[in-house]
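All remarks here apply to the structure that follows.
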Amino acid sequence: MTKFCSLNTVPAGRCYIIMRIDADADLSARMRALGLQPGRRIQVMRRSPFHGPIQVRSGQTDIIIRRADAAAIHVRPCDPNIEHSPANEPECN
Amino acid sequence: MSKRIALVGMPNTGKSTLFNRLTGAGARVGNWPGLTVELLSAKLLLGDSMVELVDLPGLHNLHGFSEDERVARHFIETQPVNGLLVVLNATQLERQLALVLQLKALGLPMLLVLNMADEAASRGIRIQVETLSASLGLPISLVSAKHGQGVPELRQALTAWLRQYPTPITAQARVLAEDDNIEHTLDTLLAQTVHVPPVLSPSHTDRLDHFLLHPWLGLPLFLLIMLGVFQVVYGLGTPLQDGLGWLLDALKTRWLAPAISGLPAWAISFLLEGLYDGIGTVMTFLPIIVVFFLAMAVVEDSGYLARAAFLMDALMSRMGLDGRAFVLQLMGFGCNVPAMMGARVIRSRAQRILTMMTIPFSLCSARLQVFLFFTTAVFSPRAAPWVLFSLYVISFAVTFLTAWIWRGRARKGADPLLMELPPYRLPTVSVLARQSLRESGHFLRQAGGFIILGVALVWFLTHFPLGAAPASPATLAGRLAGWMEPIFSPLGIDQLLSIALLFGFVAKEVVIGALAVIYGAGGDQLSGILAQRLDWIQAYSFMLFTLVYTPCLSALATLRREAGGSRYMWASLVWSLGIAWLLSFAFYQTARALTQ
């Protein structure tokens, strides 16, 4: 399986696509309700100090999520101006 | 036949604002069969029939696991309704429509309201309402609940809609495990009907967040904002309070006293020094409470509280709590009871109970009254706001200490923090006015019940037997205070003050009223007496004790109900009494030793 980055490790300000979510049923249902689900484009806005939660934007919604929970979200970078197609994705770094 | 509509929507959709728009101020909190919690409902006249509108707790998802979501779902599944009025945030249709599709599967009549239509338009979001309505097969109304646009039209639509569905029915409570299907439908629907600009221009919210959520500026700015709120409350509220105090005093001497001069001496004493002074002194706080709730409503409605959760989560997580607990703490500044009920959004039971155990230390508006009275009486006008601020700081310190000591299990089974950061909104004047109207109504009702009873009882205790000098050691209160003296004298709290504390257990609103009765003086006179009798160390020690000593009766009852057992209620009571005594003792003895 391709290796994706975890959302808690990616830099702020760039666009990513959610590829997979490894969370239990409860948490992934809550994530889905807030718009975090595979295929969605998201962007990390900022991190709070002292290793606090991160602010993520998905569509029109801003969400705060703890880094430990964000680790369950696997993403790969996207170019916001090009439609998503797995063939020409740049490698995750 | 009575008609009933349930108001459903995700959090942050302006659901409550719409509820208030539709129903005016006549909402009441009611109990529902089979539900352990209370829901807000109100009657409204639509066409020629009275309809009950029930405001269900916000839910993200019908499969949600939070207490609120369970409550909403249980209501929808068990209570017959004529239909669901579903409120959606027009700026976030891409994720809110999933809820609509879930709700649709219940087979109930539905009417959709796209709220914040104006905001969506200004962000360049275009919605094909007709197409959306046709694809869903549901009527749609566009409104701005905040500004009231579209609300009369919505009422008309509701009236027509109710004529179509005159009989309440119960939902088809089939399990709704068709999420995949729903997502597919959703994507098609979105592509057809909602156009979102690919890259949003940096909005006002982003620019504000750049500063307010700044890694280093964020927390200092938060403290500054809260300090500003207290300065506003103090600066605006105190002159108003003085004015009202003067008015009440004038009424008493010019009109009330001559009017009842024919009555026996004890009756005059009961009416003037008991009821009038007691209730009047509490009543003078009404302007401050109104200003206070106005200021809190501005902070709350602006969307800033969610930011506070973001900033504070790192600290709170080390104590087994999370950012939401911090927000509830701030909500508790108004009244601890609704803040405790708000802890339902926390799914982990251990963490929920820990949060509820800490909320009683949040400095509620009832305690604020006591502190305002004492700081004004004993401290200089320049020092007073800082004294007040220090009490808020201590309230947080005790909260943190409590959480730290009791964190135990809550730390292991941590509940994932996942919450929405709503865009900043400017609260409108009408929303604020309604909010403070409701809060003052609540305050007056409290004054009407608890406080009248409280001051009457205090008067009886301090004046019986009738021959003795009021509040002297010969009276019932005097004897009671004599027994308690060994506990309170190491704290610098004298016998008369300890009587007031005893009554503060029922409701902290009673403390000042009780003092007025005990000293036989209201308002300014009472301030004068306190200033003479107490130095700043005694006053501060008394305030520390009042801040921490025990949750009021309604807070304890709420804790018991929400935690599902009296164990936590007793734990909270014993813990807070113990810590209050230790804190006041440490402060009083140290301060005395240092100033000698």
* Asked: Nearest 0.5 Å, what's the OG1-CG distance between B:Thr205 and A:Asp62?
  -> 8.0 Å

* Report yes if some heavy atom in the side chain of B:Leu418 is under 4.5 Å from a heavy atom in the side chain of A:Leu34; otherwise report no. => yes

* Contact class of B:Leu315 relative to chain A, heavy atoms under 4.5 angstrom -> neither

* How far does CG of B:Leu311 sit from CZ of A:Phe50, to the nearest 0.5 angstrom? -> 10.5 Å

* If you take all heavy atoms of A:Arg40 and B:Glu94, which pair is closest and at what distance? -> NH2-O, 4.0 Å

* Asked: If you look at every heavy atom in B:Ala314 and A:Pro53, which pair is closest and at what distance?
  -> N-CD, 4.3 Å

* To do: Please state whether the side chain, the backbone, both or neither of B:Met10 comes within less than 4.5 Å of a heavy atom of chain A.
  => side chain

* Pair B:Asp206 + A:Arg57, salt bridge at N-O below 4.0 Å -> yes

* Asked: Under a 4.5 Å cut-off applied to non-hydrogen side-chain atoms, are A:Arg66 and B:Pro416 in contact?
  -> no

* To the nearest 0.5 angstrom, please state how far the CZ atom of A:Arg67 sits from the CG atom of B:Leu417. => 12.5 Å

* Asked: Do B:Leu213 and A:Arg46 have side chains that get closer than 4.5 Å, going by heavy atoms?
  -> yes

* **Side chain / backbone / both / neither for B:Asp209 at chain A, heavy atoms under 4.5 Å** => both

* To do: Mind ranking A:Asp69, A:Thr61, A:Ile54, A:Ile65 by heavy-atom pairs under 4.5 Å with chain B and telling me who comes out on top?
  => A:Thr61

* Structure fact -> Cut-off 4.5 Å, heavy atoms of chain B, and the answer for A:Arg47 is backbone

* Structure fact -> Rounded to the nearest 0.5 Å, the CZ atom of B:Arg307 sits from the CD atom of A:Gln55 at a distance of 7.0 Å

* **Most contacts with chain B, counted as non-hydrogen pairs under 4.5 angstrom, among A:Gly52, A:Ala68, A:Ser48** => A:Ser48

